[in-house]
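Some notes on the structure that comes next.
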Number of protein chains: 2
Amino acid sequence: MVTIYDIAEKAGVSAMTVSRVINNTGRISDKTRAKVKRVMDELGYVPNQMARSLVLQETRLLFLIITDITNPFYTTLARGAEDAARKRGYRLLFGNTDEDPEKENDYIDAVLKTRADGVLLAPAGDASLPHLEMLRRHNVPFVLLDREVPGAESDVVLGDSKEGARQLVKQLVGAGHRRIALINGSRTISSARERLEGYREALKLNDLAYDEALVLETSFGPRSDLTGIEAWLDGMRPLPTAFVAGNNVLAVELMRTLRSKGLRVPEDVSLVCFDELASYAEMDPFLTVISQQAYQFGHLGMQMLLDRIQSPGDPAGRRRIVLPAELIVRRSVRQL
Amino acid sequence: MVTIYDIAEKAGVSAMTVSRVINNTGRISDKTRAKVKRVMDELGYVPNQMARSLVLQETRLLFLIITDITNPFYTTLARGAEDAARKRGYRLLFGNTDEDPEKENDYIDAVLKTRADGVLLAPAGDASLPHLEMLRRHNVPFVLLDREVPGAESDVVLGDSKEGARQLVKQLVGAGHRRIALINGSRTISSARERLEGYREALKLNDLAYDEALVLETSFGPRSDLTGIEAWLDGMRPLPTAFVAGNNVLAVELMRTLRSKGLRVPEDVSLVCFDELASYAEMDPFLTVISQQAYQFGHLGMQMLLDRIQSPGDPAGRRRIVLPAELIVRRSVRQL
DNA sequence: GATTAATATGTTACCGATAACTCTAAAGTA
DNA sequence: TACTTTAGAGTTATCGGTAACATATTAATC
């Protein structure tokens with residue numbers, strides 16, 4: 001590997017002069033600068049970022065840790081985060097946890113070892129608290145995305161899950177449904193709790209009883225973790241006329257299972273959910289959903305993070321952004 | 001930040017002893033080891049990866065550079081690559097180029113600056129050649145995914161695009177179609193060329209004339225780059241009875257445009273394409289596709305890369321893996 | 001022409017780790 | 001007992017950069 005010392009020797013100057021040319025600092029005569037640059041080109045010099053970071057105590061590296069890289073909500077979010085990071089000269093490392101606190105722990109470890117300047121994290125769940133404490137202990141700024149962690153007073157960008165759930169239920173009730181089921185993620189995840197609560201509130205508001213049998217708590221994905229849907233369906237008699245799914249992955253799995261039982265949506269049962277399925281859903285817009293501004297989650301979150309990083313002394317308290325939920329009515333609800 | 005020197009001082013040993021405890025090298029008495037470990041825990045020590053890499057000349061960091069992070073083909077591929085990398089103790093950095101050679105150049109630059117141990121690259125196109133030469137010049141092992149670059153003798157994992165295109169056309173011809181259009185990615189991309197060629201071969205084999213007007217060359221995505229579909233459709237008289245799309249993004253865009261013109265698939269026109277749309281496509285399997293083993297692209301590619309990295313002296317020539325194309329027949333082709 | 005100021009460059013120390021070598025004391029050997 | 005091993009540590013140099021200070025020119029000022 002070519003180093004500044006190689007350049008320095010060949011150009012007949014000191015290493016410091018080369019460093020100055022690279023960083024455009026200090027004063028350098030045009031002649032020297034030209035000579036150094038020529039030698040750099042000749043030898044194909046590329047600065048060693050590690051050596052730089054070591055002395056500068058700054059890596060310009062950020063981590064984005066998400067729970068499911070195949071979920072379009074998160075990839076869209078990732079794009080938003082990446083755009084914002086690039087714009088301000090930071091590089092972004094992605095991590096994928098599959099909602100597994102173990103894997104998340106591995107990534108937190110990587111963050112610390114790498115001395116990343118900050119972290120954008122969609123936490124696996126409440127069990128992420130020790131990880132956040134770890135980050136705080138090591139003074140690594142972080143912003144949570146999509147989910148809160150009780151006990152961690154952190155910056156966070158959330159969707160309005162409770163209101164979203166209310167709207168979905170309201171939509172169903174408006175279409176005449178009275179037996180409405182909910183398939184949801186784990187209660188260890190704040191957004192799942194909020195969605196359940198919104199669902200219950202909306203039921204109460206419409207004088208519908210809450211029936212535990214109509215609620216399935218499973219996982220937000222990835223799909224291999226989704227179990228028990230079939231048994232749940234078989235256990236409900238009579239079958240609900242409508243379903244609310246806590247996210248896109250659940251909606252898909254539920255729909256697949258319904259189909260395997262010969263049940264069609266919306267002819268036989270109605271279905272609404274959180275999140276768009278994919279950009280491909282636009283091909284044949286079908287599901288009535290609460291659409292979340294995935295890109296904004298990443299973009300705003302990244303901006304908050306960079307603000308924290310670039311003004312570390314700023315005493316400003318915790319920042320909490322709640323993005324509104326938008327109901328998009330399509331064709332998956334049948335009017336009873 | 002806590003360093004080995006802090007540990008050393010507090011434990012009353014030298015920094016080297018601490019290093020030995022961390023890496024489990026050399027000889028250390030149980031007593032000393034225990035003492036050092038205790039101090040490490042107390043102070044919450046985390047090794048500085050950069051300092052380590054600097055002296056070891058190895059980062060255990062790999063880059064995966066893909067062209068579209070919102071395309072499920074690539075996210076599935078990414079998962080395959082990540083799994084393989086984790087298993088062997090490497091960390092993975094993702095980059096997203098949007099098929100833009102400029103952005104790709106930025107990432108190649110990042111690879112070099114970071115001194116990553118290797119790169120897995122889905123090249124933006126033939127214009128990526130200088131980037132590959134750059135990597136070679138700096139002795140960074142790399143493996144290409146999904147696309148070849150003429151002039152670069154590199155390891156590569158490909159799909160059998162030509163055969164895939166042949167099968168798609170054959171399927172259409174078998175259903176009675178004789179006026180078959182192709183919407184494809186840029187000819188600067190090897191897989192687009194192969195798909196075009198397979199399309200032409202299959203036409204010839206079935207005594208159908210090749211008509212340039214029936215072929216649109218646009219982009220494999222992201223969607224904002226897709227233009228000219230509507231004008232192309234309007235220019236074809238009569239309209240083809242069937243379409244082949246060069247990938248999933250194109251299929252979606254085409255379908256959306258067709259729908260906006262009041263044309264339904266398959267009632268009015270038939271459509272087949274490369275790649276699954278998303279895992280969500282399984283919800284309501286509809287499109288007849290050539291399904292590629294996206295996970296395997298990433299997994300095998302990563303294994304090849306790690307093999308290269310871990311036996312650098314190995315003189316073995318270029319390795320080229322071609323994964324077979326599998327036709328999955330569903331409901332998007334109408335029998336004429 | 002001597003002094004001061006500005007410009008251009010060099011020297012040294014350090015960031016946080018590890019390799020290679022050295023040293024010391026206790027154990028083993030003849 | 002004298003000599004060799006060996007276990008368990010320490011010292012020093014180095015990886016590739018940059019900050020801070022020092023120095024040598026050249027130009028400006030009186």
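Numbers restart at 1 for each chain; the letters A, B, ... are given by sequence-line order, proteins then strands.
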Salt bridge (Lys or Arg N to Asp or Glu O under 4.0 Å) involving [X] - partner list, sequence neighbours excluded:
X: E99(B); result: R147(B)
X: R318(A); result: E148(A), E153(A)
X: D106(A); result: R86(B)

Taking only residues two or more places apart in sequence or in another chain, which ones pass ring pair (Phe, Tyr, Trp, His ring centres under 6.0 Å) with [X]?
X: Y74(A); result: none
X: F142(B); result: none
X: Y295(B); result: H299(B)

In whole Å, I'd like the distance from the [atom1] atom of [X] to the [atom2] atom of [N].
X: Q49(B); N: dA17(C); atom1: CD; atom2: P; result: 10 Å
X: M50(B); N: dG17(D); atom1: CE; atom2: C1'; result: 12 Å
X: R115(A); N: dG17(D); atom1: CZ; atom2: C1'; result: 18 Å
X: K113(B); N: dG17(D); atom1: NZ; atom2: P; result: 12 Å
X: R52(B); N: dG16(D); atom1: CZ; atom2: P; result: 17 Å
X: I4(A); N: dC15(D); atom1: CD1; atom2: P; result: 12 Å
X: L112(B); N: dG17(D); atom1: CG; atom2: P; result: 13 Å
X: D6(A); N: dG16(D); atom1: CG; atom2: P; result: 8 Å

Task: Pairs where residues 110-139 of chain B contributes a residue and the test salt bridge (charged side-chain N to carboxylate O under 4.0 Å, His left out) is met, not counting sequence neighbours - done: D109(B)-K113(B), D126(B)-R193(B)
- [ ] Keeping to residues at least two apart or across chains, list the salt bridge (charged side-chain N to carboxylate O under 4.0 Å, His left out) pairs with something in residues 23-42 of chain B.
- [x] K10(B)-E42(B)
Task: For R79(A), side-chain hydrogen bond (donor to acceptor under 3.5 Å, both in side chains) partners two or more places apart - done: D68(B), D98(B)
TODO: With DNA chain D as reference, determine whether M1(A) or T25(A) sits nearer its 5' end, using the nearest nucleotide of each.
DONE: M1(A)
TODO: Answer yes if the side chains of Q57(B) and S53(B) hold a donor-acceptor pair under 3.5 Å, and no otherwise.
DONE: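 Short answer, no.
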Open item on the list: If the threshold is 4.0 Å, N to carboxylate O, is there a salt bridge linking R308(B) and D155(B)?
Closed with: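 So R308(B) pairs with D155(B) through a salt bridge.
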Open item on the list: Need the bend value for the helix from dG1(C)-dC30(D) to dA30(C)-dT1(D): angle between end axes, 5 pairs each end, nearest 10°.
Closed with: 50°
Task: Protein proximity profile, nucleotides 5-15 of chain C - base contact B, sugar-phosphate-only contact S, no contact -, cut-off 4.0 Å on heavy atoms - done: --SSBBB---B
Task: N or O in side chain of S19(B) less than 4.0 angstrom from dT18(C) OP1/OP2 - done: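 Answer is yes, contact under 4.0 Å.
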Identify each atom pair where a protein N or O and an N or O of nucleotides 24-28 of chain D are less than 3.5 Å apart, giving names and distance.
none

